[in-house]
Engineer: 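My questions will all concern the structure given below.
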Amino acid sequence: MWNKQYDLQVFKHFGLKTRSVKSMIIKEVFFQLPDQGKLLLCYGGASRGNPGCAGYGFVGRLSSGDFVIAISGGLGISTNYYAEIFAILMAGEWEIHHGFKELVFRTDSQAVINAFQSNNLPWFAATRWEKICFEVISWSFKHSYREVNFSVDKAAKRGALLGRVLFDVI
């Protein structure tokens, strides 16, 4: 049934029950590189259960599209939200350690983007984020669908299988 008048008339005639059907909306998604001189860090967090064994992952790319780094890490028992926050912190600390000063973070978690932009962070993240902001010239967040960040999603799930404080450079 596609919620059309004809379908409803047929069902009513035969005395059948109806149920609504969700309509599918097709959205076009695409991957976009950052502006010249900026580093794009796609990151993600994953948890096997909420809370459960958690991990993070991030992938770095230059504005030319060149691959820079991919890392997966384990967090032990945590929630998915904390894994996403920890992924930003690890990605940001990696960036400033390697001399990048203009950062673009890309994620599928709008809640985490809102937390960082409003500076409403959990206690364990506040000081680390302040240090990252002090070192960089500019930073920004971009939201994207999970289908765009599929490699980061895979890296985060891989991190959830690793032990606590272990990481794997892919």
Side-chain angles (χ1 to χ4, degrees), residues 26-35 37-117 120-133 135-136 138-170:
I26 298 172
K27 292 186 180 184
E28 183 178 0
V29 296
F30 58 94
F31 181 79
Q32 184 179 8
L33 291 169
D35 295 334
K38 295 186 178 185
L39 177 70
L40 173 67
L41 272 175
C42 299
Y43 69 91
S47 178
R48 302 182 79 197
N50 207 12
C53 291
Y56 65 91
F58 62 89
V59 175
R61 291 194 178 272
L62 298 175
S63 59
S64 62
D66 293 340
F67 171 80
V68 179
I69 187 79
I71 292 181
S72 292
L75 298 175
I77 305 297
S78 183
T79 64
N80 188 45
Y81 179 74
Y82 282 175
E84 294 270 353
I85 287 179
F86 200 81
I88 293 177
L89 297 176
M90 294 302 290
E93 289 170 352
W94 180 89
E95 286 175 318
I96 60 174
H97 184 263
H98 288 86
F100 295 100
K101 299 293 183 186
E102 295 185 64
L103 316 175
V104 178
F105 296 99
R106 182 178 295 271
T107 184
D108 60 357
S109 175
Q110 190 64 48
V112 173
I113 291 173
N114 293 341
F116 275 89
Q117 288 179 335
N120 187 13
L121 300 171
W123 64 270
F124 70 88
T127 305
R128 290 173 73 176
W129 180 245
E130 287 174 9
K131 288 180 182 177
I132 292 168
C133 291
E135 293 287 331
V136 300
S138 68
W139 54 267
S140 63
F141 287 93
K142 300 221 184 253
H143 181 265
S144 64
Y145 292 103
R146 185 169 287 145
E147 290 78 10
V148 174
N149 271 346
F150 63 89
S151 58
V152 175
D153 194 45
K154 177 80 172 172
K157 289 178 182 177
R158 180 178 180 166
L161 296 174
L162 295 173
R164 184 174 182 220
V165 191
L166 292 177
F167 69 93
D168 186 16
V169 179
I170 302 170

Engineer: Kindly indicate whether the side chain of Ile77, heavy atoms from C-beta on, has any atom under 4.5 Å from the side chain of Pro51.
Structural biologist: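 Yes, at least one pair of side-chain atoms sits under 4.5 Å.
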
Engineer: For Glu84, give me all partners under side chain to side chain donor-acceptor pair (under 3.5 Å), at least two apart in sequence or on another chain.
Structural biologist: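 Partners of Glu84 by the side chain to side chain donor-acceptor pair (under 3.5 Å) criterion, ordered by chain and then number, come out as Thr107.
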
Engineer: Can you check whether Ile132 reaches Glu93 side chain to side chain, under 4.5 Å on heavy atoms?
Structural biologist: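 They are in contact (side-chain heavy atoms under 4.5 Å apart), so the answer is yes.
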
Engineer: When you look at CZ of Phe124, are more than 12 heavy atoms from neighbouring residues, nucleotides or ligands closer to it than 6.0 Å?
Structural biologist: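 Enclosed: over 12 neighbouring heavy atoms sit under 6.0 Å from CZ of Phe124.
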
Engineer: Heavy atoms only: give me the nearest Gly57-Val152 pair and the separation to one decimal.
Structural biologist: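 Where Gly57 meets Val152 most closely, the heavy atoms are O-CG1, 3.5 Å.
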
Engineer: Does any part of the side chain of Tyr56, heavy atoms only, come nearer than 4.5 Å to the side chain of Leu89, both counted from C-beta?
Structural biologist: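 Not touching, per the 4.5 Å side-chain cut-off.
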
Engineer: Search all heavy atoms of Phe100 against all heavy atoms of Val136 and return the closest pair with its distance.
Structural biologist: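 Answer, listing the atom of Phe100 first, then Val136: O-CG1, 4.4 Å.
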
Engineer: Rounded to the nearest 0.5 Å, what's the gap from OG on Ser47 to NZ on Lys157? Could you check?
Structural biologist: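 Going from the OG atom of Ser47 to the NZ atom of Lys157 covers 12.0 Å.
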
Engineer: Could you give the side-chain donor-acceptor pairs of residues 37-46 under 3.5 Å, partners two or more places apart or in another chain?
Structural biologist:
none

Engineer: Looking at CG of Leu103 and OG of Ser138, how far apart are the two atoms once the value is rounded to the nearest 0.5 Å?
Structural biologist: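 So the gap between those two atoms works out to 7.0 Å.
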
Engineer: Between Arg128 and Met90, is a side-chain contact (heavy atoms from CB on, under 4.5 Å) present by the stated rule, with each step listed?
Structural biologist: CA-CA 9 Å; Arg128 290 173 73 176; Met90 294 302 290; 3.5 Å; yes

Engineer: Tyr145 vs Asp108, test: side-chain contact (heavy atoms from CB on, under 4.5 Å). Steps then yes/no.
Structural biologist: CA-CA 5 Å; Tyr145 292 103; Asp108 60 357; over 6 Å; no

Engineer: Can you sort out the partners of Glu135 under salt bridge (charged side-chain N to carboxylate O under 4.0 Å, His left out), two or more places apart, ordered by chain and number?
Structural biologist: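 Lys101.
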
Engineer: Asp66: which residues meet the side chain to side chain contact (heavy atoms under 4.5 Å, CB included) condition with it, sequence neighbours left out?
Structural biologist: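 Counting only residues at least two positions away or on another chain, Asp66 forms a side chain to side chain contact (heavy atoms under 4.5 Å, CB included) with Leu62, Ser64.
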
Engineer: Heavy atoms only: give me the nearest Ala87-Phe58 pair and the separation to one decimal.
Structural biologist: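 In this case the closest contact between Ala87 and Phe58 is O-CD2, 4.4 Å.
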
Engineer: For Ala155 versus Ser72, what's the shortest heavy-atom pair and its separation?
Structural biologist: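 Where Ala155 meets Ser72 most closely, the heavy atoms are O-OG, 2.8 Å.
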
Engineer: Do you know which two heavy atoms are closest between Pro34 and Val104, and how far apart they sit?
Structural biologist: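 In this case the closest contact between Pro34 and Val104 is CB-CG2, 4.1 Å.
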
Engineer: Evaluate the criterion side-chain contact (heavy atoms from CB on, under 4.5 Å) for residue pair Tyr82 and Leu75; output intermediate values, then yes/no.
Structural biologist: CA-CA 9 Å; Tyr82 282 175; Leu75 298 175; over 6 Å; no

Engineer: Measuring centre to centre across the rings, with the benzene-like ring taken for any Trp, is Phe105 within less than 6.0 Å of Trp139?
Structural biologist: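 Here the rings of Trp139 and Phe105 have centres that are no less than 6.0 Å from each other.
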
Engineer: Of Ile85, Val112, Asn50, which is the lone residue that meets side chain to side chain contact (heavy atoms under 4.5 Å, CB included) with Asn80?
Structural biologist: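 Filter result, single survivor: Asn50.
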
Engineer: Nearest heavy-atom pair of Ser78 and Ala83: which atoms, and what distance?
Structural biologist: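 Shortest heavy-atom contact: OG-N, 4.3 Å.
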
Engineer: Identify, with sequence neighbours excluded, every residue that meets salt bridge (charged side-chain N to carboxylate O under 4.0 Å, His left out) alongside Arg61.
Structural biologist: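 By the salt bridge (charged side-chain N to carboxylate O under 4.0 Å, His left out) rule, Arg61 matches no residue at all.
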
Engineer: What I'd like to find out is whether the side chain of Cys53 reaches to under 4.5 Å of the side chain of Leu161, using heavy atoms alone.
Structural biologist: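 Cys53 vs Leu161: side chains apart.
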
Engineer: Run the side chain to side chain donor-acceptor pair (under 3.5 Å) test against Gln110 and tell me which residues pass, sequence neighbours left out.
Structural biologist: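 Partners of Gln110 under the side chain to side chain donor-acceptor pair (under 3.5 Å) test: Asn114.
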
Engineer: For the atom pair CD1 (Ile88) and OG (Ser109), what is the distance rounded to the nearest 0.5 Å?
Structural biologist: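 Reported to 0.5 Å precision, the distance equals 7.5 Å.
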
